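Fair warning: this is a prediction, and the values are worked out from it, not measured in the lab. Side chains included, hydrogens not; waters and symmetry mates left out as well; all remaining heavy atoms used.
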Amino acid sequence: MNGHKEGHGRQDGPGGGTAREVPTRLRQAGHRVGRLTPGPHNAITDVPGVLVGHTTLRDDAAGLYSGVTAIVPEGLGQWPTLPAALHVANGYGKFVGATQLAELGELETPVLLTSTLSAFRAADALLTWVLDRAETPPTSVNPVVGEINDSWLSARRPRPLTEAHVLAALDSAAAGPVTQGSVGGGTGACALGFKGGIGTASRLVGPINTPTEANCSAEDGPAARPVTVGALVQANMGGELRVGERTVTPESAGVPRAGQRTENGSCVVVLALDFPCPPHQLTRIAARGALALGRVGANYSHGSGDYGLAFSATGSHAPRTLSPAELDAVFEGVRESVEEAVIDALLTAGTVRTPGGRAAHGLPLSAVIP
């Protein structure tokens with residue numbers, strides 16, 4: 001079992017065998033999704049103050065594929081809460097903290113992503129992490145934890161996560177490049193018939209008039225600037241992968257199909273923005289995150305909990321309502337980021353073979369780029 005921090009590298013197959021192809025992000029192969037420009041790392045960490053950490057639990061001999069991914073907004077150290085919103089495309093899931101997040105439009109803890117039956121241990125560990133850092137012990141904390149059902153690959157030990165694993169992911173969270181594929185909360189994921197996992201992307205949109213500490217009180221109002229939309233996806237859903245105008249199936253890629261035949265799964269999309277936005281518009285932005293899964297072929301089946309969470313990484317006492325044109329620009333950034341994040345999750349996932357004989361193959365680059 002390994003605790004992974006940020007980094008890159010080839011994903012090896014179980015038992016020391018290597019994957020058929022070296023995992024490569026779509027843009028590293030010279031291709032792109034959409035027209036907008038990504039941030040420097042093409043990751044949710046391109047939004048200033050957003051950190052990501054993973055703890056990966058992988059034991060091929062024991063058939064264990066699980067873990068936790070932590071999304072840590074540094075702004076929570078400056079403001080008690082951040083503007084946030086949740087959209088539920090399909091509520092067949094165990095999204096801890098969902099009702100208060102939706103009701104109040106506030107995020108007051110980092111966001112964790114893990115396996116279904118580990119969600120509650122993760123929430124308790126997150127509470128410990130928050131309380132250890134509080135100057136005054138709060139009387140109420142709303143931990144936020146999303147989850148996926150990864151039991152098709154990791155059925156032998158359904159609750160492997162401990163407090164130490166969660167704290168390691170939180171404490172190792174960092175800016176910069178984000179490790180993708182079969183890591184953290186995506187270690188046991190399967191998506192669209194392939195090995196799924198964690199994917200991330202970002203887009204620069206605008207310019208948009210945004211208040212900042214420097215200009216929010218200026219007489220001429222907020223200044224126009226490009227803004228960043230970042231997405232991180234825990235991809236674990238059923239359906240048929242669509243890349244542009246093409247449908248890519250495991251059969252057409254020459255690999256066996258992975259995942260639940262009953263189309264159970266779940267997928268969580270987390271969106272971060274680098275400008276203050278009111279919760280009612282964040283709700284609409286979060287919805288576009290969940291809906292963007294349909295662009296890559298998600299089928300939103302009965303047994304799949306599909307969620308979009310959006311938050312502003314900067315707190316502000318004066319969030320500005322975006323104009324319709326500005327909101328459309330953010331929507332476009334969300335669509336492109338989520339679509340590319342899902343494709344990259346599959347491309348970087350590598351291949352997993354369980355002791356029981358199941359195999360989940362990462363998406364071969366050659367199937368996407370003939």
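- In the model, Ser202 has no side-chain atom that pairs as donor or acceptor with a side-chain atom of Thr228 under 3.5 Å.
- A cation-pi arrangement is not found for Arg58 relative to Tyr65, the charged atom failing to lie both closer than 6.0 Å to the ring centre and inside a 45° cone about the ring normal.
- Remark: of the listed residues Thr24, Leu363, Val342, Leu363 is the sole one forming a side chain to side chain contact (heavy atoms under 4.5 Å, CB included) with Leu347.
- Using a 4.5 Å heavy-atom cutoff, the side chains of Val144 and Leu112 are not in contact.
- Under the salt bridge (Lys or Arg N to Asp or Glu O under 4.0 Å) criterion, Glu240 pairs with Arg257, not counting sequence neighbours.
- For Glu332 and Arg35, the salt-bridge test passes: some basic side-chain N is under 4.0 Å from an acidic carboxylate O.
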Quick one, Val88 with Phe95, criterion side chain to side chain contact (heavy atoms under 4.5 Å, CB included). Give me CA distance, side-chain angles, the key distance, then yes/no.
CA-CA 10 Å; Val88 181; Phe95 202 107; over 6 Å; no
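- Heavy-atom contacts from other residues, nucleotides or ligands closer than 6.0 Å to CZ of Arg159 number 12 or fewer.
- To the nearest 0.5 Å, atoms CG (Leu82) and OG1 (Thr109) are separated by 10.0 Å.
- Using a cutoff of 4.0 Å between basic side-chain nitrogens and carboxylate oxygens, Asp171 and Arg133 are scored as salt-bridged.
- At least one side-chain heavy atom of Asn209 sits under 4.5 Å from a side-chain heavy atom of Arg320.
- Atom CD1 of residue Ile343 and atom CZ of residue Arg242 lie 11.0 Å apart, to the nearest 0.5 angstrom.
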Before you tell me yes or no, could you show the steps for Thr81 and Leu107 under side chain to side chain contact (heavy atoms under 4.5 Å, CB included), namely the whole-Å CA-CA distance, both residues' side-chain angles and the distance that decides it to 0.1 Å?
CA-CA 5 Å; Thr81 64; Leu107 180 69; over 6 Å; no
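- Here the side chains of Leu36 and Val205 are in contact, with some heavy-atom distance below 4.5 Å.
- Using a cutoff of 4.0 Å between basic side-chain nitrogens and carboxylate oxygens, Lys94 and Glu147 are not scored as salt-bridged.
- Annotation: the span from Leu161 atom CG to Leu57 atom CG amounts to 6.0 Å, rounded to 0.5 Å.
- Under a 4.0 Å N-O distance rule, the pair Asp274/Arg225 qualifies as a salt bridge.
- Across Ala349 and Gly362, no two heavy atoms sit closer than the pair CB-CA, 4.5 Å.
- No single ILVMFWY cluster, assembled from side-chain heavy atoms under 4.5 Å apart, contains both Val178 and Leu204.
- Counting only N and O atoms by type, the side chains of His165 and Thr162 include a donor and acceptor under 3.5 Å apart.
- For the residue pair Val96 and Ala123, the shortest heavy atom distance occurs at CG1-CB, 3.9 Å.
- Separating the OG atom in Ser301 from the CG atom in Asn90 is a distance of 7.0 Å, to the nearest 0.5 Å.
- Counted by atom type alone, Asn149 and Ser266 present zero donor-acceptor pairs between their side chains at under 3.5 Å.
- Between Glu340 and Arg335 there is no salt bridge, since no side-chain nitrogen of the basic residue lies less than 4.0 Å from a carboxylate oxygen of the acidic one.
- Taken together through direct or relayed side-chain contacts under 4.5 Å among Ile, Leu, Val, Met, Phe, Trp and Tyr, Trp152 and Leu117 form parts of separate hydrophobic clusters.
- Between the side chain of Asp344 and the backbone N or O of Gly199, no donor-acceptor pair lies under 3.5 Å.
- Residue Ile148 is not grouped with residue Leu153 when hydrophobic side chains (ILVMFWY) are merged at heavy-atom distances under 4.5 angstrom, including chains of intermediate members.
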Checking side chain to side chain donor-acceptor pair (under 3.5 Å) for the pair Thr187/Ser182: CA distance, chi angles, key distance, verdict?
CA-CA 4 Å; Thr187 305; Ser182 296; over 6 Å; no
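- Taking hydrophobic clusters as Ile, Leu, Val, Met, Phe, Trp and Tyr residues chained together by side-chain heavy-atom distances below 4.5 Å, Leu291 does not share a cluster with Val229.
- Counting heavy atoms from C-beta on, the side chains of Arg288 and Arg284 come closer than 4.5 Å.
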Checking Ile208 against Val330 for the side chain to side chain contact (heavy atoms under 4.5 Å, CB included) test, could you report, in this order, the C-alpha distance in whole Å, the side-chain angles of both residues, the deciding distance, and whether it holds?
CA-CA 9 Å; Ile208 289 176; Val330 173; 3.7 Å; yes
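- A heavy-atom distance below 4.5 Å is found between the side chains of Asn42 and Arg25.
- Taking CD of Glu106 as the start and CZ of Phe311 as the end, the distance is 14.5 Å to the nearest 0.5 Å.
- Note: Tyr92 and His302 meet the aromatic proximity criterion, with ring centroids under 6.0 Å apart.
- A side-chain donor-acceptor contact under 3.5 Å links Ser323 to the backbone of Glu326.
- Two residues are said to be in side-chain contact when any heavy atoms from C-beta on lie closer than 4.5 Å; Leu293 and Cys267 meet this criterion.
- In terms of hydrophobic clustering, with Ile, Leu, Val, Met, Phe, Trp and Tyr side chains grouped at heavy-atom distances under 4.5 Å, Leu104 and Leu126 are assigned to different clusters.
- Taking the side chain as every heavy atom from C-beta outward, Asn142 and Gln100 approach each other to under 4.5 Å.
- Among Val50, Val111, Thr200, the one residue that satisfies the side chain to side chain contact (heavy atoms under 4.5 Å, CB included) test with Leu232 is Thr200.
- Looking at heavy atoms from C-beta onward, Ser118 lies in side-chain contact with Pro160 at the 4.5 angstrom threshold.
- Rounding to the nearest 0.5 angstrom, the gap separating the CG atom in Leu309 from the CG atom in Leu282 is 9.5 Å.
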Working note: Arg203 + Thr37, criterion side chain to side chain contact (heavy atoms under 4.5 Å, CB included); need CA distance, chi angles, decisive distance, verdict.
CA-CA 6 Å; Arg203 291 295 187 271; Thr37 301; over 6 Å; no
